[in-house]
Amino acid sequence: MTSFAARIGGHRLPTATPLRSHDDDTAYVDALLSTADGIRLVGLLARAVHDRAVVVDDSTRARIDDLHLEQLAKSLRAERALVDAVRVLRRAGIATRMLGGVALAHVDYSTPELRLFDFATVLVSPGDRARADEVVAHSDELVLRSDLLDEAQLGIDAADLFAPPTRFNLGALELEALPMPQRLLHVCANVARRSTSPVPRLRDVAELVLRNRPHVAEVAIMARRWHAETSVARTIVATWRELAIELRPPIVDWAERITQGDGDGVRSSE
């Protein structure tokens, strides 16, 4: 049976288990709300209510709206801290890349309010970390990172992270996210090392793949460079299985071949 988390996480995806409820599903809706609040999927649940995939009474709608607004406020505070930090870092000549929720929300989701986050993460190069710490005032909404390589436990070349970026606008400021496929590999690494429910990060993987349609050969080459082919493939396979996604881009077939031990999984026709 598909979990409550997976049903919420699959909303608006081409899934075999669409999120549905009826007027008398009070216990079911309460379970959905409790689950969504616990793992930061309130944005998707609020959209499901708006889409009338989940039918709720007025009091439940108000509870969901209040939770959504509360989490949106956290995301906005994190974005303000991020904008202030990036401006200061740029004046100091320090290159940055946006990681995690803020980049995913603005680059890979159809609308940012579906992908909520409590803090914004900025990547700087290891050589710039000490200077970055000096010029940026830390806050609860901002995390400066230079240890991505160690934390992910991958053989990453730092130059890959500061390759020509994917750009997006946050207000009047243009920001840089990791390019594809590095962004996909980083999200897959996040799935493997977190102990909480994987569904929100599996949704990230699904959004990255379905919206960007990453080229199989590019992903395979970068995953091999990062010594991460098997872990990336397993994460993609898990995403399609757990969220019951029916649409199958070529990278899903590649991932299945990798997990089944079929060489490098790349076919010449791709």
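Quick caveat: nothing in here was measured; it's all calculated off a predicted structure.
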Mind listing the closest non-hydrogen atom pair of [X] and [Y] along with its distance?
X      : Y      : answer
Ser75  : Leu116 : OG-CA, 3.6 Å
Tyr109 : Leu114 : CD2-CB, 3.9 Å
Leu243 : Val199 : CD2-CG1, 4.3 Å
Met222 : Pro181 : CB-CG, 3.7 Å
Leu45  : Leu33  : CD2-CA, 3.7 Å

Got a donor-acceptor contact below 3.5 angstrom from the [X] side chain to the [Y] backbone?
X      : Y      : answer
Ser34  : Ala31  : no
Ser146 : Val124 : no
Arg97  : Ala163 : yes
Thr15  : Ala244 : yes
Trp240 : Ala206 : no

(message) Return the CD to CG distance between Gln71 and Leu67, rounded to the nearest 0.5 Å.
(response) 6.5 Å
(message) Suppose the criterion is side-chain hydrogen bond (donor to acceptor under 3.5 Å, both in side chains): which pairs have a residue in residues 76-88, not counting sequence neighbours?
(response) Glu79-His106
(request) Flag the pair Arg201 and Glu242 as a salt bridge only when some basic side-chain nitrogen lies within less than 4.0 angstrom of an acidic carboxylate oxygen. (result) no
(message) Salt bridge or not between Arg129 and Asp133? Use side-chain N to carboxylate O under 4.0 Å.
(response) yes
(message) Please list all pairs meeting salt bridge (Lys or Arg N to Asp or Glu O under 4.0 Å) that have one or both residues in residues 100-126, counting only residues at least two apart or in different chains.
(response) Arg40-Asp118, Arg47-Glu113, Asp108-Arg183, Arg115-Asp204
(request) Could you walk me through whether Arg131 and Asp128 pass salt bridge (Lys or Arg N to Asp or Glu O under 4.0 Å), step by step? (result) CA-CA 6 Å; Arg131 194 156 54 100; Asp128 285 331; 3.3 Å; yes
(request) Carefully, step by step, assess Asp30 and Arg63 under the rule salt bridge (Lys or Arg N to Asp or Glu O under 4.0 Å). (result) CA-CA 10 Å; Asp30 284 346; Arg63 287 168 59 201; 3.6 Å; yes
